[in-house]
Amino acid sequence: MASLDRVKVLVLGDSGVGKSSLVHLLCQNQVLGNPSWTVGCSVDVRVHDYKEGTPDEKTFYIELWDVGGSVGSASSLKSTRSVFYNSVNGIVLVHDLTNKKSSQNLYRWSLEALNKDSSPTGVLVTNGDYDREQFAENSLPLLVIGTKFDQIPENKRNDVLKRTAFLSEDFNAEEINLDCTNPRYFAAGSSNAVKLSRFFDKVIEKRYFTKDPNQMTGFSDRKRFNFKSLHYD
């Protein structure tokens, strides 16, 4: 097992959205009993069978890098975080379904990770949107995960999911919504488990089975991220 090839996946999102609980669930298949704030970065490993059940099946290590902090933090902290963004093969963007701001901030997290060497000057345009053109060729396989699904009142769940569905379109990524305290959301054979496996397969293919692993694609053709389309009751 020690000789397995591995890929590096960032887990990004605001503090408190449940990244550590998610990573623990994915890697240990257990609920994290006493989650705490992540300082710096925490790394856990999941074993994944690429193209499971086919003649091409191969086992890989998936390193999940849970990056702590806030996108609103000082530039010195952002600079410190940049060391974690090297040699990345995929990104999981995590937001809290009950927290509008955490959904909006996924765009800032993606820009910070994908555009780490660029000056932030000019990234924000006057109407609150992001200009996509400057980093349209700078994306990796992405997965969007919404947490705390259990905390949304049942009569509002459909509305919340409709209002966050555009995130998957903006990032050209599949979307999973779940409760990190309930392992059944990743039960074998479930749609979430299939989406997760498909994402990890894409990450592995990008790293090991493309001619140029540094050629990044993934954003859709829409030019801008529009924050104003995010509204909750």
Side-chain angles (χ1 to χ4, degrees), residues 1-2 4-48 60-97 99 101-120 123 135 138-148 167 171 173 176 178 180-181 186 196 199-200 202-204 206-208 213-214 216 218:
M1 295 291 284
L4 291 180
D5 289 328
R6 60 188 62 211
V7 293
K8 176 180 177 179
V9 176
L10 292 177
V11 181
L12 301 178
D14 286 358
S15 296
V17 298
K19 299 189 302 296
S20 297
S21 296
L22 172 66
V23 169
H24 190 81
L25 182 63
L26 293 178
C27 295
Q28 310 300 329
N29 196 30
Q30 294 177 344
V31 174
L32 182 60
N34 188 25
S36 58
W37 299 109
T38 299
V39 177
C41 182
S42 175
V43 182
D44 208 340
V45 177
R46 173 186 173 96
V47 177
H48 174 72
F60 288 82
Y61 280 140
I62 308 291
E63 294 182 350
L64 293 169
W65 290 55
D66 171 11
V67 179
S70 166
V71 285
S73 56
S75 58
S76 60
L77 293 179
K78 290 183 181 179
S79 177
T80 300
R81 282 200 299 264
S82 68
V83 70
F84 305 131
Y85 300 155
N86 295 322
S87 303
V88 174
N89 308 122
I91 300 176
V92 177
L93 296 167
V94 186
H95 66 113
D96 175 351
L97 290 165
N99 183 337
K101 190 66 175 177
S102 74
S103 304
Q104 294 174 338
N105 282 344
L106 293 186
Y107 301 101
R108 291 187 172 94
W109 279 110
S110 66
L111 281 172
E112 183 178 303
L114 297 174
N115 212 27
K116 62 182 187 301
D117 294 326
S118 298
S119 167
V123 171
F135 56 94
N138 210 28
S139 69
L140 293 167
L142 304 175
L143 178 67
V144 177
I145 295 185
T147 62
K148 305 185 183 179
L167 289 169
F171 290 113
I176 294 174
L178 51 74
C180 292
T181 66
F186 284 118
L196 185 69
F199 167 69
F200 287 146
K202 288 179 181 178
V203 171
I204 290 166
K206 203 70 174 174
R207 170 65 178 85
Y208 289 103
N214 294 316
M216 305 173 185

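Position 1 is the first residue of the sequence; numbering continues from there. Quick caveat: nothing in here was measured; it's all calculated off a predicted structure.
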Could you check if a side-chain atom of Asn89 sits within less than 4.5 angstrom of a side-chain atom of Tyr208, using non-hydrogen atoms only? no

Ion pair Glu63/Arg6, N-O distance below 4.0 Å: yes

If I compare all heavy atoms of Ser110 with all of Phe171, which pair ends up nearest, and what's the gap? OG-CE2, 3.6 Å

Within the structure provided, determine whether Leu12 and Tyr85 are in side-chain contact (heavy-atom separation under 4.5 Å). yes

Considering all heavy atoms of both residues, which atom of Phe199 and which atom of Ile91 are nearest to each other, and what is their separation? CZ-O, 3.7 Å

Derivation and outcome, side-chain contact (heavy atoms from CB on, under 4.5 Å), residues Leu25 and Leu32: CA-CA 7 Å; Leu25 182 63; Leu32 182 60; over 6 Å; no

Working to the nearest 0.5 Å, report the span between CG of Asp44 and CG of Asp66. 9.5 Å

Any chance you could measure Leu22, atom CG, to Ile176, atom CD1, to the nearest 0.5 Å? 8.5 Å

Looking at OG of Ser21 and CG of Leu178, how far apart are the two atoms once the value is rounded to the nearest 0.5 Å? 10.5 Å

Lys8 (side chain) donor-acceptor with Ile62 (main chain) under 3.5 angstrom: no

Non-hydrogen side-chain atoms of Val45 and Leu64 separated by less than 4.5 Å: no

What is the distance from atom OH of Tyr61 to atom SG of Cys27, rounded to the nearest 0.5 Å? 12.0 Å

Side-chain contact test, heavy atoms from C-beta onward, threshold under 4.5 Å: evaluate it for Trp65 versus Val92 and give yes or no. no

Heavy-atom closest contact (Leu143 atom, Leu196 atom, distance): CD2-CD1, 3.9 Å

Do side-chain atoms of Ser102 reach the backbone of Asp96 as a donor and acceptor pair under 3.5 angstrom? yes

Are the side chains of Cys41 and Val43 in contact, using a 4.5 Å heavy-atom criterion? yes

Residue pair Val88 / Gly90: nearest heavy atoms and the distance that separates them: CG1-O, 3.2 Å

Leu114 to Leu140 - nearest heavy-atom pair and separation: CD2-N, 4.2 Å

Using distance alone, with no hydrogens and no angle criterion, decide if Asp14 and Trp109 have a side-chain donor and acceptor under 3.5 Å apart. yes

Between His24 and Gln30, what is the shortest heavy-atom contact and its length? CD2-O, 3.1 Å

For residues Phe200 and His48, establish whether the separation of their ring centroids is below 6.0 Å. yes

When rounded to the nearest 0.5 angstrom, what is the spacing between OG1 in Thr181 and NZ in Lys148? 11.0 Å

So how far is it from Ile145 CD1 to Leu167 CG, rounded to the nearest 0.5 Å? 12.5 Å

Please examine the side chains of Phe60 and Leu4, heavy atoms only from C-beta on, and report whether any two atoms are closer than 4.5 Å. no

Please tell me if the side chains of His95 and Thr147 come closer than 4.5 Å, counting only heavy atoms from C-beta onward. no

Are any non-hydrogen side-chain atoms of Val67 and Leu10 less than 4.5 angstrom apart? yes

